[in-house]
Amino acid sequence: MAAEWAPKIRVNAIAPSLTNTPLAERLLREDSKKQAAAMRHPLKRVGEAEDLANMALFFVV
């Protein structure tokens, strides 16, 4: 969409990795699994819903 609508309309997308939500509960149920998942990411932590909300606000404001 960004290429098709440019330059009049800017398109941004949020593509989060593993996020601590009810959908990921089975993957993050145990602390050891949560820590192992976190170590696979550059920030060394699992994302939180608040992280995504703040990112969305950044694009809107």
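On a predicted model such as this, the values are computed, not experimentally measured, just so you know. FYI, the numbering just counts along the sequence from 1.
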Chemist: Side chains of Thr19 and Val46, heavy atoms from C-beta outward: is any pair under 4.5 Å?
Modeler: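 Not touching, per the 4.5 Å side-chain cut-off.
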Chemist: Return the CG to OG1 distance between Leu52 and Thr21, rounded to the nearest 0.5 Å.
Modeler: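 Nearest 0.5 Å value for the CG-OG1 distance: 9.0 Å.
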Chemist: Do you know the tightest heavy-atom contact between Ala37 and Leu18?
Modeler: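 Ala37 and Leu18 have their closest heavy atoms at CB-CD2, 3.6 Å.
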Chemist: Might you work through the side-chain contact (heavy atoms from CB on, under 4.5 Å) test for Arg10 and Asn12, ending with a clear yes or no?
Modeler: CA-CA 7 Å; Arg10 179 179 293 170; Asn12 291 309; 4.0 Å; yes
Chemist: Can you get from Val11 to Phe59 by hopping between Ile, Leu, Val, Met, Phe, Trp and Tyr side chains that sit under 4.5 Å apart?
Modeler: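 Val11 does not cluster with Phe59.
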Chemist: Name all pairs fulfilling the side-chain hydrogen bond (donor to acceptor under 3.5 Å, both in side chains) condition that reach into residues 52-61, sequence neighbours left out, sorted by first residue then second.
Modeler: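 Sorted pair list comes back empty.
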Chemist: At their closest point, which heavy atom of His41 faces which heavy atom of Ser17, and how far apart are they?
Modeler: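 In this case the closest contact between His41 and Ser17 is CE1-OG, 2.6 Å.
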Chemist: So with a 6.0 Å cut-off around CG of Leu23, is the heavy-atom count from everything else above 12?
Modeler: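 Counting other residues, nucleotides and ligands, CG of Leu23 stays at 12 neighbours or fewer.
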Chemist: Do other residues, nucleotides or ligands put more than 12 heavy atoms under 6.0 Å from Phe58 CZ?
Modeler: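 Not more than 12 within 6.0 Å, no.
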Chemist: May I ask you to test the Asn20-Lys34 pair for a side-chain heavy-atom distance under 4.5 Å?
Modeler: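 Side chain of Asn20 against side chain of Lys34, heavy atoms only: contact under 4.5 Å found.
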Chemist: Say you draw a straight line from CD of Gln35 to NZ of Lys44; how long is it, rounded to the nearest 0.5 Å?
Modeler: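 Those atoms lie 11.0 Å apart.
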